[in-house]
Amino acid sequence: MATSKPVVFLGDSLERLRGFPDDARHLAGQELRRVQLRLEPLNWKPMTSIGAGVREIRVREAAGAFRVIYVAKLADAIYVLHAFAKKTGATAQKDIELASARMRLIRAR
C-alpha cells in the first residue's frame, strides 16, 4: 500500500472543517483520507480558477452542502486551502479569493 501524504491545513481551514455538522465532517474526513492514499475523492470538481491541480471536495448531507478546497499535486503534502458551508449554487467570490490567496502563499515558498 502506498504511504500517505500529510495533510496541512492553511489559515483557519481546520477550525472551519471542525465546525461542520458531524456527518459532513465525517464525510469530508473520509474524502481527505482517500486523497492521502492517492485515490480520487468520491465527489469532487477541479477548481482551475484557483490554480492548476486545485480541487474541491463536495459533501452534501442533511444539514446542507459543504466544500473543502485542496491541492494534492505537490510532492510534500496535501494542502487544505479552505473549508466552508456552501450557501448558493455558485461558490462565493470571497471563498474563491481566500483559497486563491492561500495558494499564492504556497507558490511563494
Would you mind writing out the side-chain donor-acceptor pairs for residues 57-68 within the sub-3.5 Å range, not counting sequence neighbours?
from, atom 1, to, atom 2, distance (Å)
Arg58, NE, Asn43, OD1, 3.0
Glu61, OE2, Ala63, N, 3.0

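Val80 has its side chain out of reach of Leu17: every pair of non-hydrogen atoms, C-beta onward, lies at least 4.5 Å apart.
Two different hydrophobic clusters hold Phe84 and Leu27 under the rule that ILVMFWY side chains link at heavy-atom gaps under 4.5 Å. Linking ILVMFWY residues whenever their side-chain heavy atoms come closer than 4.5 Å, directly or via other members, places Met103 and Tyr79 in the same cluster. The hydrophobic cluster containing Val54 does not contain Leu14, counting ILVMFWY residues as joined when their side-chain heavy atoms lie under 4.5 angstrom apart, directly or transitively.
Of the possible polar contacts, none joining the Glu56 side chain to the Trp44 backbone as a donor-acceptor pair under 3.5 Å is found. Between the side chain of Lys86 and the backbone N or O of Gly89, at least one donor-acceptor pair lies under 3.5 Å.
For the residue pair Leu42 and Glu31, the shortest heavy atom distance occurs at N-OE2, 2.8 Å. Among all heavy-atom pairs drawn from Ala52 and Lys73, the shortest one is O-CE, 3.2 Å. Across Arg107 and Ile50, no two heavy atoms sit closer than the pair NH2-O, 3.8 Å. Of all the heavy atoms in Phe20 and Ala83, the pair that sits closest is CZ-CB, 3.9 Å.
Here His26 contributes atom NE2 and Asp22 contributes atom CG; the two are 10.0 Å apart, rounded to the nearest 0.5 Å. For the atom pair CD of Gln93 and OG of Ser49, the computed distance is 8.0 Å after rounding to the nearest 0.5 Å. For the atom pair OG of Ser13 and CZ of Arg18, the computed distance is 10.0 Å after rounding to the nearest 0.5 Å. Distance check, rounded to the nearest 0.5 Å: CZ of Phe9 to CG of Leu32 gives 5.5 Å.
Of the candidates Ile96, Asp95, Leu10, Asp95 is the only one forming a side chain to side chain contact (heavy atoms under 4.5 Å, CB included) with His82. Tyr70 pairs in a side chain to side chain contact (heavy atoms under 4.5 Å, CB included) with only one of the listed residues (Leu81, Val8, Val35), which is Val35.
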side-chain hydrogen bond (donor to acceptor under 3.5 Å, both in side chains) evaluation trace for Arg33 with Gln36: CA-CA 5 Å; Arg33 183 65 182 146; Gln36 278 188 291; 3.2 Å; yes
